[in-house]
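Pasting in a structure now, in C-alpha cells, and then I'll have a few things to ask.
Order of the sequence lines sets the chain letters (A, B, ...), proteins ahead of strands, with each chain counted from 1.
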2 protein chains.
Amino acid sequence: MTKPTPDPRHTLTLRDVSEASGVSEMTVSRVLRNRGDVSGPTREKVLEAARTLGYVPNKIAGALASQRVSLVGVVIPSLSNMVFPEVMTGISGVLEGTGLQPVVGVTNYLPDREESVIYEMLSWRPSGMIIAGLEHSAASRAMLGRAGIPIVEIMDIDGDPINHAVGISHRRAGRQMAEAIIAAGYRKIAFLGTQMPNDFRAKKRLEGFEDALAKAGLTLVDREYYSGGSALLKGREMTANLLGRTPDVDFLYYSNDMIGAGGLLWCLDQGLDVPGRIGLAGFNGVELLDGLPRMLATMDACRLEIGRKAAAIIAAKDTPGEKIELFPTLAPGDTIRR
Amino acid sequence: MTKPTPDPRHTLTLRDVSEASGVSEMTVSRVLRNRGDVSGPTREKVLEAARTLGYVPNKIAGALASQRVSLVGVVIPSLSNMVFPEVMTGISGVLEGTGLQPVVGVTNYLPDREESVIYEMLSWRPSGMIIAGLEHSAASRAMLGRAGIPIVEIMDIDGDPINHAVGISHRRAGRQMAEAIIAAGYRKIAFLGTQMPNDFRAKKRLEGFEDALAKAGLTLVDREYYSGGSALLKGREMTANLLGRTPDVDFLYYSNDMIGAGGLLWCLDQGLDVPGRIGLAGFNGVELLDGLPRMLATMDACRLEIGRKAAAIIAAKDTPGEKIELFPTLAPGDTIRR
DNA sequence: TCTGCTAGTGTTACCGCTAACAGCAGCGCG
DNA sequence: CGCGCTGCTGTTAGCGGTAACACTAGCAGA
C-alpha cells in the first residue's frame with residue numbers, strides 16, 4: 001500500500017557498493033561472483049556493504065559485458081494439460097545446480113505464435129533452447145539454426161531435428177497400443193481425439209495406430225473429434241455421441257488420458273462392462289488420474305525424463321547433435337482385457 | 001543433427017545490418033523499433049537487409065541502453081495444481097498487447113526458494129513483479145520494496161501488501177462455505193487438507209471455516225492431512241481413513257477440489273448417499289473436474305480475473321498501491337443438500 | 001641483492017544498443 | 001533573402017557490468 005519508489009536516490013549499482021566498502025568496483029564484482037582472489041577481510045567488508053545497502057546485481061549489464069546469459073528458453077504449446085508442467089519439473093531439477101534458469105514461453109499450438117515466442121526468446125540471447133516438437137515454420141528453424149546455441153527439440157523423435165532431439169516415437173507408441181488392443185481380441189475399434197490441426201504428436205500416434213490396425217486387416221470403425229472445453233466432460237460427450245452412432249464398437253482409443261477418463265466415467269455410468277464389452281485406452285500416464293474408479297490403460301510419455309535429458313544437454317553445452325529416443329511403457333490398467 | 005554454430009563469423013549486430021543496408025546503426029535501430037521518422041525507402045532497405053541476414057535484436061544491450069526491460073516477473077508456488085496455469089492465462093492475455101513478457105519462477109511453497117527466485121528475477125530489473133501470497137520473508141519484502149517497480153501480490157487479500165494486492169479473502173471464503181454447510185443442516189463436519197505449512201491460503205480458509213463453525217456452536221469433529229502424491233488418490237485414502245475413524249461424520253470439507261473429487265469417488269464407490277447421508281465440498285472451481293459423476297460443491301477462486309487485474313496494474317505502471325478484493329461465488333453442485 | 005612469482009587489487013576498454021543532440025537539406029513565409 | 005521549421009540521418013556518450021591486463025607489495029630462491 002506504499003508508493004512503488006522508495007529510492008533514496010536511484011537504483012543501486014556496483015559503484016554504490018564500491019564506495020560504501022572503499023574498494024574498486026572490480027573487486028566488488030569479484031566478491032559478488034566468487035571469482036578471482038580476494039582477501040578475507042575485503043570480502044567481508046564488501047559483503048557487509050552489499051547486504052546493508054540491499055544491492056541486487058544487474059544481470060542485464062553483467063550479461064552484456066560477459067557475453068554470457070544464464071537463461072534457457074523453453075517453448076511449449078500449453079501449460080494447462082498436465083503434460084508440460086512435468087517436463088518443466090524435470091528441466092528445473094537439472095538446471096537448478098548449474099546457474100541456468102529456464103524461461104518458458106507458451107504457444108497455444110499456434111505456429112505464428114511459436115515463431116514470435118522464439119524470436120522474443122532469442123533476442124535475450126539465451127544459452128540454449130528447449131522446444132516441444134519437431135515441426136516449426138521455416139523461419140523458426142532458420143532462426144534457431146543460426147542462433148549458435150544448443151537447441152533441443154523435445155517430446156518427439158519422428159522427424160529431423162535442428163540440432164538435438166529427446167523424446168519418444170509417437171508413431172511407435174500408437175502402433176504398440178494398437179497391437180496390444182488387437183492381441184486382447186478387440187476388433188471394432190474407434191478413435192476419439194483432439195481436433196487441433198497442430199498437435200502433430202497426437203496425429204503421429206494415430207498414424208501409427210492405424211498402420212498397426214491395417215497390418216491386422218482392420219480399420220477404425222468410427223472417429224470423433226473435439227476442440228476446447230473441459231476434457232473430462234468432452235470425453236463423456238464424445239463417447240456418448242460415438243456409441244450412439246456406432247453402438248457395436250468394442251474399443252475406444254483416446255488421444256489423451258483426460259478425455260479417456262471422461263469416457264471411462266461415462267461407460268461406468270451406463271453400466272457397460274469394462275473391459276469385457278468395451279475397452280478403453282488413453283495416452284500420457286498422468287498421475288493425477290490414479291484414483292479413478294478404474295485404472296485407464298495408457299502409455300507413459302516419459303515426460304520427466306525428457307525434461308531431465310534435455311536440460312542436461314543444454315547444461316553440457318558441448319554435446320554434438322543427437323537424437324535420444326526414450327521408450328514409453330504400456331500400462332494396461334483395468335480397461336483392456338487380459 | 002547439425003553443429004550448433006553455423007556462424008559465418010559471429011552473431012549479428014546492428015552494425016551488420018547497417019553495413020548491409022548502407023545507413024547508420026541508429027537508423028537501423030529506429031526502423032526496427034518503429035520509433036522516430038525514417039523515410040519509406042530507407043525503412044524498406046533496412047527491413048530487407050535485416051530479413052535476409054536473419055538479424056535478431058539483442059534485448060540485453062537494448063535494455064541496458066534504454067533502461068527499460070520488457071519483463072514482468074511472476075512468482076508462484078507451483079505449476080502442477082491447476083490453479084496457477086489459469087492465473088498465467090489471465091496475465092498473458094493482458095500483457096500480450098503491451099510489449100511486456102511474463103517470466104515465471106516457481107517456489108514449491110518454500111520461503112527460501114521464494115527469496116532466491118525473487119532475487120534472481122529482480123536482478124533482471126523487470127518492469128514489475130506479480131507474486132502469489134502476502135507472506136514473504138523479511139528479506140524478500142525488503143528487496144521488493146526497494147526495487148522501485150510495481151509489485152502485485154495476488155490470490156489473497158487478508159494481510160498487508162507491499163504495494164498492490166489482488167485477490168479474494170480466503171478467510172471469508174472459508175466462512176461462507178461453513179455457513180452454507182450449516183444452513184444445509186450438516187452438523188458433524190470434518191476437514192481434510194494439505195499438510196503444507198506454507199500454504200497460507202489454505203490455512204486462512206480453514207481459520208475462517210472454523211470461526212463460522214464456532215459461531216454456530218460447532219467444532220470440527222475430525223481432521224486429516226496429507227502431503228505429496230496424486231491428489232485424487234490421496235483424497236480417496238484420506239476419506240477412507242477419516243470415515244473409518246469417525247464413521248458418523250456428515251460433511252467433509254476439503255482444502256482443494258482434487259482431493260475432494262477423490263473423496264467423492266470413494267463415497268460413491270462405497271454406495272454412500274451423497275449429499276443425503278454425507279456432504280462434500282472443495283475449493284477452487286477447477287473446470288477440469290466438470291464431468292465427474294456428480295458436481296462437487298466448490299468455490300471459484302477468480303483465478304483468471306486475478307491474473308488479468310494484476311497484469312493490468314503492471315501495464316498501467318502508475319497506479320498507486322491498492323488492495324483489490326474479488327468475490328468468489330459458491331457453486332453448491334450436487335454434493336450439498338438443498 | 002636481484003629476479004621471479006604470487007596474491008590481491010586497480011585500470012582500461014569494451015559488450016550492443018539507444019537517448020539526446022547535432023547536422024543538413026528543402027521549404028514556406030514575411 | 002534570411003529565418004525558422006520540419007523531415008530525415010548521423011554522431012557521441014553512456015547504460016552497468018566484466019575480461020584482460022597492469023600494477024603493487026611481499027616473499028622465496030639464486
Using whole Å, report how far CG of A:D37 lies from C1' of D:dG26. 15 Å
Determine: side-chain N/O of B:S66 to OP1/OP2 of C:dC17, distance under 4.0 Å, yes or no. no
Are side-chain N/O atoms of B:S137 and B:E115 paired as donor and acceptor at under 3.5 Å? yes
Could you state the atom-to-atom distance from CZ of A:R68 to C1' of C:dG16 in whole Å? 17 Å
Of the nucleotides C:dT9, C:dG16, D:dC15, which one has an atom closest to the side chain of A:Q67? C:dG16
When the nearest nucleotide of DNA chain D is assigned to B:G40 and to A:E25 on a heavy-atom basis, which residue is associated with the more 5' position? B:G40
Between C:dA13 atom P and A:L64 atom CG, what is the distance in whole Å? 18 Å
Checking C:dT18, C:dT9, D:dT9 against the side chain of B:V38 (C-beta onward), the nearest is D:dT9
Would you call B:K45 and B:E48 a salt bridge, taking side-chain N to carboxylate O under 4.0 Å as the test? no
At 4.0 Å (heavy atoms only), tell me whether B:R35 reaches a base, stays on the sugar-phosphate, or touches nothing. nothing
Could you tell me whether the phosphate oxygens of C:dC17, OP1 or OP2, come under 4.0 Å of any side-chain nitrogen or oxygen in B:Y55? yes
Using whole Å, report how far CD of A:E44 lies from C1' of C:dG8. 16 Å
Do any side-chain nitrogens or oxygens of A:S24 fall under 4.0 Å of OP1 or OP2 in C:dT11? no
Going by atom types alone, do A:R43 and A:S39 pair a side-chain donor with an acceptor below 3.5 Å? no
Could you tell me how far apart B:M26 (CE) and C:dG23 (C1') are, to the nearest whole angstrom? 15 Å
Taking atom CZ of B:R33 as the centre, does the number of heavy atoms from other residues, nucleotides or ligands within less than 6.0 Å exceed 12? yes
Taking for each residue the nucleotide of DNA chain C bearing the nearest heavy atom, is the 5' side occupied by A:S39 or by A:R125? A:S39
Interatomic distance, A:R33 CZ vs D:dG17 P [rounded to whole Å]: 11 Å
What contact category does A:N58 fall into here, base, sugar-phosphate, or nothing, at under 4.0 angstrom with non-hydrogen atoms? sugar-phosphate
Establish whether the base of D:dG10 is bridged to the side chain of B:R30 by a donor-acceptor pair shorter than 3.5 Å. yes
Under 4.0 Å between any heavy atoms, over every strand shown, what does B:R43 touch: base, sugar-phosphate, or nothing? Just pick one. nothing
To the nearest Å, how far apart are B:K59 NZ and C:dT18 P? 11 Å
Between A:S29 (side chain) and A:E25 (backbone), is there a donor-acceptor pair under 3.5 Å? no
Rounding to a whole Å, what distance do you find between A:D16:CG and D:dG16:P? 10 Å
